[in-house]
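Okay, handing you the structure first.
All figures in this text were calculated on a predicted structure; none of them were measured in a lab. Quick note: numbers below take in every heavy atom, side chains included, and nothing from hydrogens, waters or symmetry partners. In this chain, numbering begins with 1 at the start of the sequence shown. In listed order, ligands and their atoms are each counted from 1.
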Amino acid sequence: MIEARNLTKRYGDKTAVKDLSFTVGPGKVTGFLGPNGAGKSTTMRLLLGLDRPDGGNATIDGKQYHELATPLTVVGSLLEAKAVHPGRSAYNHLLCLAQSQGIGKKRVNEVLDLVGLTEVARKRAGGFSLGMGQRLGLAAALLGDPSVLILDEPVNGLDPEGILWIRTLMRKLAAEGRTVFVSSHLMNEMAVTAEHLIIIGRGRLVADCPTQEFIERGRKHTVLVRSPHADLLAEAITREGGEVTRNGDGELSVQDMTAARIGEIASAGGHVLHEVVPQRSTLEEAFMELTRESVEYTGTGGTGSTRETVAPNSRGAAR
Ligand code: ADP
């Protein structure tokens, strides 16, 4: 279990994370989503005690990171910056880490096997491809058999095979009852990987909800209508509370009204309909729209020119 309470982090006059609170529970993959620069890495560094917050606190299984006696056995992490000695073999790298935490050699072999690096374990880590480097990073994260995993953009730069492999492994680790918290700036990737989403924009929480709920909510209610009586129909729809944009050539875009209701209005007024097509926004569009709000209206941070920008119905959804 990970808990962030009112986390705030400033770098000079730049506010990277602002009053951020969330809880990440066990048994599922939780996606930590936001555009580049949203504050994901900063938050993860705060969770892992690599940076000190200016306000609030973060705990893992009820304790702050520095209070953990053997941190690797509680939380494993994979951060973007790699800290592997290039001349050292994968095996020796893991062995050093293991010994520093009182973890035995047997576990080193187990994690090498788990991430599929057994055959190259004695080779220099400096010669590893990006994908192999990520596998090694994951092996290190898993060394202490931790109940919590914090992974920062683990699929960045990987080929489709590597992405699929990491996705499958994360799901497996979550199914074992672990807390898996993984960041990404890619909505579509998280939609297929994570069961729950915590979305931030400019260091602030913009959504905390099950992925499925976000997908449903993201469906934009625009209906495309074609009619030889477009002008009259547009007036009738507007009278009934729909928001109409006239696209010309007998085409209308209608918001805030279902296709069924538009059909009823057309029928009641005797207006001929040639087409009524509900439009769906893509997930990526829904995500960009949600986070854009927090980007557009937020100042440079710490200057007092900020505005609370929380999307409607987005906080504290069922978990
Ligand atoms: P993300 O991981 O979502 O891409 P980051 O947490 O890396 O976002 O960055 C959030 C914001 O904080 C960015 O504007 C970034 O430039 C700034 N930032 C992060 N680390 C530092 C630092 N060490 N010094 C100054 N600014 C930083």
Check: Considering only the protein, which heavy-atom contact is closest to atom 8 (O) of ligand 1, and what is its distance?
Finding: Gly39 N, 3.1 Å
Check: Going by the atom numbers of ligand 1, which of them fall below 4.0 Å from some non-hydrogen atom of Ala38?
Finding: 1 (P), 3 (O), 8 (O)
Checklist line | atom 12 (O) of ligand 1 - nearest protein heavy atom and its distance | finding: Ala16 CB, 3.2 Å
Next item on the list: May I ask whether atom 22 (C) of ligand 1 is less than 4.0 Å from at least one protein heavy atom?
Entry: yes
Check: Can you find a non-hydrogen atom of Gly34 under 4.0 Å from ligand 1?
Finding: no
Next item on the list: Answer with yes or no whether the side chains of Arg10 and Thr42 bring together a donor and an acceptor at under 3.5 Å.
Entry: no
Next item on the list: From the options Gly203, Ser41, Gly37, Pro35, select the one whose nearest heavy atom is closest to atom 11 (C) of ligand 1.
Entry: Gly37
Checklist line | Charged N-O contact under 4.0 Å between Arg261 and Asp256 | finding: no
Notebook entry, point to check: At a 4.0 Å threshold, what atoms of ligand 1 neighbour a non-hydrogen atom of Asn36?
Noted result: 4 (O)
Margin query: Closer than 4.0 angstrom, basic N to acidic O: yes or no for Arg246 and Asp231?
Written below: yes
Checklist line | Heteroatom distance test (Thr42, ligand 1): nitrogen or oxygen, under 3.5 angstrom | finding: yes
Note to self: Within this structure, what is the CG-CZ distance for the pair Leu112 and Arg107, rounded to the nearest 0.5 Å?
What the structure shows: 10.5 Å
Next item on the list: Quick one: look at Lys14 and ligand 1, take heavy-atom pairs under 4.0 Å, and tell me if it's side chain, backbone, both or neither.
Entry: side chain
Item checked: Residue, atom name and distance, where the atom is the protein heavy atom closest to atom 27 (C) of ligand 1 -> Tyr11 CD1, 3.2 Å
Next item on the list: Decide whether Tyr65 and Phe181 are clustered together by the hydrophobic rule: side chain heavy atoms of Ile, Leu, Val, Met, Phe, Trp, Tyr closer than 4.5 Å, transitively.
Entry: yes
Next item on the list: Step by step, work out the side-chain contact (heavy atoms from CB on, under 4.5 Å) result for Leu197 and Met187.
Entry: CA-CA 10 Å; Leu197 295 176; Met187 176 71 229; 3.8 Å; yes
Checklist line | Cluster overlap Met1 with Val148, hydrophobic side-chain contacts below 4.5 Å | finding: no
